[in-house]
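Worksheet: the structure to be examined is printed underneath.
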Amino acid sequence: MILSPKKIALICICIIFAIAFSGCSNNTAETIVDNKGEIIMSKELSERQSNKLLENEEYLPIGTVVTVGDGTKKLMIIGLLQTKAENNQIYDYSAVLYPEGYISPNETYLFNKNQISRIYYLGYVSQEQKLANEKLTTIVNSEKS
């Protein structure tokens, strides 16, 4: 059986599309890092990646999207080491509803890392954030001592 040039071209195009789209999936995380080591794009994290990040002692960056406890509503982290005014208790994170964002002070949530049940998206990680994380960890560890 001899294939015409049009059929060969069509088969080649189909193969190219199949290869190109075989890597596309909403269930896998894809991260692109620039030449300074900063993350510039990331897709939703898998449950395995979320669990690995939760084992890490570092603070999660601003912009990280999580769920807390048994909650199903996603929250986006907007602050680190926040103090609750009523009782001066310090929390690891403050957050707002995602995707709604900041609505009012009454819609801002405080929680600790051990309350996070899942990380869906990791916020912007830069050298500044890494240095700030080191300073925060040092401060918190010196307070515990």
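Start at 1 with the first residue, then count along the sequence. Just so it is clear, the model here is predicted, and its values are computed rather than measured.
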Using 4.0 Å as the upper bound for N to carboxylate O, is an ion pair formed by Glu100 and Lys74? no

Group every Ile, Leu, Val, Met, Phe, Trp and Tyr by side-chain heavy-atom contacts under 4.5 Å, then state whether Val140 and Leu80 land in the same group. yes

Would you indicate whether Leu81, at its atom CG, is surrounded by more than 12 heavy atoms from other residues, nucleotides or ligands within a distance under 6.0 Å? yes

Looking at Asn56, is its backbone amide N or carbonyl O close enough to the side chain of Lys113 to form a donor-acceptor pair, meaning the two atoms are under 3.5 Å apart? yes

Checking the side chain of Thr64 only, and the main-chain atoms of Ile77 only, is there a donor and an acceptor separated by less than 3.5 Å? no

For Asn133 and Gln129, indicate whether the former's side chain and the latter's backbone hold a donor-acceptor pair under 3.5 Å. no

Do Leu75 and Val96 make a side-chain contact, defined as non-hydrogen atoms from C-beta onward lying under 4.5 Å apart? no

Any chain of hydrophobic side-chain contacts (each under 4.5 Å) joining Val68 to Leu53? yes

Within a radius of less than 6.0 Å around NZ of Lys135, do more than 12 heavy atoms belonging to other residues, nucleotides or ligands occur? no

Does Gln49 use its side chain to pair, donor to acceptor, with the backbone of Ser46 at less than 3.5 Å? yes

For Ile116 and Leu60, what are the C-alpha separation, side-chain angles and deciding distance, and is it a side-chain contact (heavy atoms from CB on, under 4.5 Å)? CA-CA 11 Å; Ile116 297 172; Leu60 297 167; 3.6 Å; yes

Testing the basics here: between Asn112 and Tyr91, what is the closest heavy-atom pair and its distance to 0.1 Å? OD1-CA, 3.4 Å

Between Thr67 and Ser117, does any side-chain donor sit less than 3.5 Å from a side-chain acceptor? yes

Counting heavy atoms not belonging to Tyr98, are there more than 12 under 6.0 Å from its OH? no

Can you hop from Tyr109 to Ile62 via hydrophobic side chains spaced under 4.5 Å? yes

Give a yes or no answer on whether the side chain of Thr83 reaches the backbone of Ala85 with a donor-acceptor pair at less than 3.5 Å. no

Mark yes when over 12 heavy atoms from residues, nucleotides or ligands other than Asp70 sit less than 6.0 Å from its CG; otherwise mark no. no

